[in-house]
Protein chains: 2
Amino acid sequence: MKLSNKGRYGVKAIFDIAFHNHGKATQIKEIAERQAIPPRFLEQIFQDLKRAGLVTSKRGPRGGYQLAVEPADIRLGDIIRALEGPVALAEATRGSEDEGDATSRAVTDEAFEDLAEQIEACFDGKTIEDLCERGEALGYRRRAPGKYVYVI
Amino acid sequence: MKLSNKGRYGVKAIFDIAFHNHGKATQIKEIAERQAIPPRFLEQIFQDLKRAGLVTSKRGPRGGYQLAVEPADIRLGDIIRALEGPVALAEATRGSEDEGDATSRAVTDEAFEDLAEQIEACFDGKTIEDLCERGEALGYRRRAPGKYVYVI
DNA sequence: GGCATTCTTGACATTCCCGGTCGGCAATAC
DNA sequence: GTATTGCCGACCGGGAATGTCAAGAATGCC
């Protein structure tokens, strides 16, 4: 019962954008450095996040990623599901229903499905905004957006 | 975010004993057949369950396993933890604390630890007895203990 | 236009562990 | 003593997890 690095990294990355750079395009390199994530790997993660509609991208100089959804509307479950698929505790759909007795298949599978829903609910109970608030409460300083507005 | 077969099998096996044979020694072969679990694999699972103190064993002819704890006191979490270790969402203890910014390590790790506790609580919210009751409610018939008392 | 920058895409390498098997030994009942 | 059953440790194949890489396409800037 473990969470993969991919999921962890994904949450960190989204949080990073929301906390430090919400509204601006943020580059892989920058996030990777702040969050200590292998850049090439992060690259791949962002493709999934984009496919899931959580971020948008812009190419070229001064490009990067930005949130496509408000932090308050991004639940951790959304990120995890985008990167790892749904929480699956019960049996994968098996073709042959004729093995074993029906009793425990029915009972245990039902129990596991119930649990899976509960667990999804746990993940959906926290949003990125919650994390940002927690970060501020802990006294961490956001890197102010607009700090790098280059005046020419 | 998946549950391994080992965990699933473990729950099924314990449930099987509780439901069909509570109080009697039950053999691997018998359980494996009823639950459609590879016998040699189940063998290995029971070693872990025994080490965790959930079952006791008896060797020799008419030997087998029986519950060491009342079904009402076996939480699914106990079984899962015995077979897969604790639920771990946060980072494994890393030596180098100097990478990345402290913000998101603090915030995300805290969040994940919180979630891990919630999830453990989900698993601990169901007991084997709950499953047995559910099984009876569904109308399944227990194989009556004592049915196989061999009169000589 | 030309160039540097940054994301895009798909393939590739590597390591780990899940899921399962096996052989042989130890206890026990009969 | 012999058949049965659990006990222990080793072993192994395959697939997923975790990254890496190369080449290409869009974009901004001078």
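Chain letters run A, B, ... following the sequence lines, proteins first and then strands; every chain starts at 1. Note that the structure is predicted; figures quoted are calculated from it, not measured.
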Short side-chain N/O contact to D:dA17 OP1/OP2 from A:Y9, under 4.0 Å:
no

Is the closest side-chain donor-acceptor distance between B:Q66 and B:N21 under 3.5 Å?
no

Between CG of B:L42 and C1' of D:dG6 the distance, given in whole Å, is 12 Å

Stepwise, does the salt bridge (charged side-chain N to carboxylate O under 4.0 Å, His left out) test hold for A:E33 with A:K29?
CA-CA 6 Å; A:E33 197 171 324; A:K29 202 172 51 177; over 6 Å; no

Nearest whole Å is fine: how far is D:dG6 P from B:I45 CD1?
14 Å

Between A:G64 and B:L3, which is nearer to the 5' end of DNA chain C once each is assigned its nearest nucleotide?
A:G64

Ring pair (Phe, Tyr, Trp, His ring centres under 6.0 Å) involving B:F112 - partner list, sequence neighbours excluded:
none

Rounded to the Å, how far apart are A:F41 CZ and D:dT18 P?
6 Å

Identify whether any heavy atom of B:K2 sits under 4.0 Å from a base atom; if not, whether one sits that close to sugar-phosphate; answer base, sugar-phosphate or nothing.
nothing

At 4.0 Å (heavy atoms only), tell me whether A:Y65 reaches a base, stays on the sugar-phosphate, or touches nothing.
sugar-phosphate

Map B:I28 and B:Q44 onto DNA chain D by nearest heavy atom, then report which one ends up closer to the 5' terminus.
B:I28

Using only heavy-atom distances, decide whether a donor-acceptor pair under 3.5 angstrom links the side-chain of B:E43 to the base of D:dC8.
yes

What's the shortest heavy-atom distance between A:A13 and A:L42, and which atoms?
CB-CD1, 4.0 Å

Pick the nucleotide of DNA chain D nearest each of B:Q47 and A:E84; which residue has the one closer to the 5' end?
B:Q47

Angle class for the A:F41/A:Y9 ring planes (parallel below 30°, perpendicular above 60°, tilted otherwise)?
perpendicular

Tell me, do B:I14 and B:L67 make a side-chain contact under 4.5 Å, heavy atoms counted?
yes

Please find the earliest and latest nucleotides of DNA chain C, in the 5' to 3' direction, that have an atom within less than 4.0 Å of any heavy atom of chain A.
C:dA4 to C:dT9

